[in-house]
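All values below were derived from every heavy atom in this structure, side-chain atoms included, with hydrogens, water molecules and symmetry-related copies excluded. Atoms within each ligand, like the ligands themselves, are counted from 1 in listed order.
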Amino acid sequence: MKTEQVIENLSIRFPHEPEYIQAVTEVLHSIEPVYNQHPEFEAANLIERLCIPDRIFSFRVTWTDDKGQVQTNMGYRIQHNNAIGPYKGGIRFHASVNLSILKFLAFEQTFKNALTTLPMGGAKGGSDFSPRGKSNAEVMRFCQAFMTELWRNIGADTDVPAGDIGVGGREVGFLYGMYKKLARENTGTLTGKGLEFGGSLIRPEATGYGNVYFLKHMLGTRNLELKGKVVAVSGAGNVAQYTVEKLIQEGAKVVTLSDSDGYIYDPDGIDREKLDYIMELKNLYRGRIWEYAEKYGVKYVPGARPWGERCDIAMPSATQNEISAEEAQILVDNGCIAVSEGANMPSTPEAIKIFQSNGLLYAPGKASNAGGVSVSGLEMSQNAMKLSWTAEEVDQKLQRIMADIHAQCQKYGKRQDGTTDYVMGANISGFMKVARAMMAQGIL
Ligand code: NDP
């Protein structure tokens with residue numbers, strides 16, 4: 001494979017898709033050495049078939065706001081690759097959503113899902129609709145209109161959506177309700193459902209908990225403990241909240257959280273009571289993180305991200321490209337030893353280089369945040385069997401899967417000095433599984 005040429009060709013064919021090209025570039029550079037050991041891959045043009053999504057649906061979503069105004073948004077579903085199982089990936093509702101962002105997410109999801117050890121292909125979907133500032137009724141009408149367009153293209157054995165930014169339990173409930181009404185079946189086509197209608201215990205917790213489990217394995221390679229470490233977390237949504245919950249349980253001290261308006265710094269650490277307040281603020285009242293600063297009398301920095309604060313560990317859990325090279329350098333200078341990504345692609349390529357060249361333990365999201373989709377996979381299994389597992393059972397399976405992903409990273413990302421390149425490990429391991437499955441199934 002002539003990597004630079006492939007990337008250039010994709011950039012020409014898909015101009016104006018910087019996030020997609022960024023994600024593809026990282027993976028292609030990682031897999032180049034193993035890819036070149038397999039001439040049969042090149043003969044089957046595996047690389048283009050793996051980079052370009054199987055298909056993309058795009059549609060107009062028409063809905064009526066509370067004032068009676070008719071509104072339109074764009075809706076998308078990217079079915080990227082189903083070589084190892086049904087398409088699987090979340091739905092994002094955010095004003096910034098466009099094809100480039102969803103294509104990068106669907107591409108990443110394909111490798112992440114391969115790492116989970118479960119049979120799931122990769123997909124992603126979403127809309128430029130923002131639930132922020134909308135009433136419950138408006139969110140419901142939007143979700144129903146979105147699903148009216150999407151439902152024909154998904155199904156329990158074909159494509160199983162879930163949540164992502166802006167799509168939590170409330171939105172999944174509305175989406176699933178409409179899906180059932182249209183499809184007239186109850187096979188659990190979405191994951192992240194409420195417990196009363198087929199959801200799995202531990203699914204809300206899974207991404208955050210899984211990231212902490214992964215982090216503990218990374219620290220273990222250097223005989224380091226999580227207990228007592230100071231951690232900077234970004235975001236204040238699903239992933240951030242349960243990351244903080246598990247960190248508190250493990251005896252770490254979380255000093256920051258953020259939203260798209262700014263971040264808070266709490267030098268005493270966020271404890272259980274403060275976390276309960278955040279969950280109520282964000283999940284019930286849909287408030288802003290500055291309200292935490294007012295309530296507890298701590299620092300709030302508007303329009304900034306938390307990476308300037310001193311910490312031992314950083315766990316970015318908001319969105320893509322939220323750690324720049326400058327911020328990465330500040331983290332390093334302040335003595336940060338590990339970065340474990342809860343969000344998808346939160347570190348820019350330059351930031352990753354800085355982490356790796358300074359010897360930090362650095363886990364890319366496709367490995368460290370794979371706990372969420374893993375428990376989604378377990379939700380699919382429970383739905384198919386028409387039964388539910390206990391929280392302990394699901395948590396144990398989640399822990400086993402995160403340990404397995406860590407082991408895969410070590411196996412495929414082993415450096416000469418015995419340390420692990422987690423980017424290389426995750427990319428090669430995920431790629432080899434998908435590649436073998438594609439080769440076995442012929443030219444499609
Ligand atoms: P939520 O919508 O629950 O929370 C997102 C948080 O990030 C909010 O605090 C939000 O602030 C903030 N945020 C969103 N966009 C931006 C932005 N452009 N700039 C700054 N802050 C932003 O989403 P999740 O917690 O589910 O997802 C967070 C990340 O984790 C995403 O990258 C997602 O893809 C990834 N992920 C999620 C999984 C899941 O199971 N939910 C699984 C694996 C990965 P505000 O409220 O102001 O918008």
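In terms of N/O distances under 3.5 Å, ligand 1 is approached by T207. Considering backbone and side-chain N/O of S260, one or more are found under 3.5 Å from N/O of ligand 1. The shortest N or O to N or O distance between A236 and ligand 1 is below 3.5 Å. The N/O atoms of N369, backbone and side chain alike, include none that comes under 3.5 Å of an N/O atom in ligand 1. Any N or O atom pair closer than 3.5 Å counts here, and G166 shares at least one such pair with ligand 1. For ligand 1, one of its N or O atoms has an N or O atom of N238 under 3.5 Å away. Ligand 1 has no nitrogen or oxygen under 3.5 angstrom from a nitrogen or oxygen of G372. Between R203 and ligand 1, an N or O atom pair is found at a separation short of 3.5 Å.
The shortest contact between atom 28 (C) of ligand 1 and any protein heavy atom is with A318 O, 3.3 Å. Remark: minimum distance from atom 23 (O) of ligand 1 to any protein heavy atom is reached at I165 CA, 3.4 Å.
Close contacts between ligand 1 and S258 involve ligand atoms 9 (O) [criterion: under 4.0 Å to a heavy atom]. Each of the following atoms of ligand 1 lies closer than 4.0 Å to a heavy atom of G342: 30 (O), 35 (C), 36 (N), 44 (C).
Contacts of S317 with ligand 1, taken as heavy-atom pairs under 4.0 Å, involve the backbone alone. At a 4.0 Å heavy-atom cut-off, ligand 1 touches H94 through the side chain alone.
In the model, N369 has a side-chain atom that pairs as donor or acceptor with a side-chain atom of K112 under 3.5 Å. Side-chain atoms of N113 and Q109 include a donor-acceptor pair closer than 3.5 Å.
At least one heavy atom of R92 sits closer than 4.0 Å to an atom of ligand 1. Heavy atoms of R288 come nearer than 4.0 angstrom to ligand 1 in at least one pair. Heavy-atom separations between G371 and ligand 1 are all 4.0 Å or longer. Not a single heavy atom of G168 lies less than 4.0 angstrom from ligand 1. Under a 4.0 angstrom heavy-atom cut-off, S96 registers as lying outside contact with ligand 1.
Remark: D271 CG is packed, more than 12 non-hydrogen atoms of other residues, nucleotides or ligands lying under 6.0 Å away. No more than 12 heavy atoms of other residues, nucleotides or ligands lie within 6.0 Å of NZ in K216, so this atom counts as exposed by the packing criterion.
Qualifying salt bridge (Lys or Arg N to Asp or Glu O under 4.0 Å) partners for D128, counting only residues two or more places apart in sequence or in other chains: none. Remark: F214 pairs with H406, Y422 by the ring pair (Phe, Tyr, Trp, His ring centres under 6.0 Å) rule, at least two apart or across chains.
Relative to the ring axis of F142, K134 does not place its NZ or CZ within 45° and under 6.0 Å from the centre.
Which of I101, V373, T319, D261 comes nearest to atom 17 (C) of ligand 1 through a heavy atom is settled by distance: it is T319. For the residues G287, A343, S234, the heavy atom positioned nearest atom 30 (O) of ligand 1 is part of A343.
Nearest heavy-atom pair across T319 and I165 is OG1-CD1, 3.9 Å.
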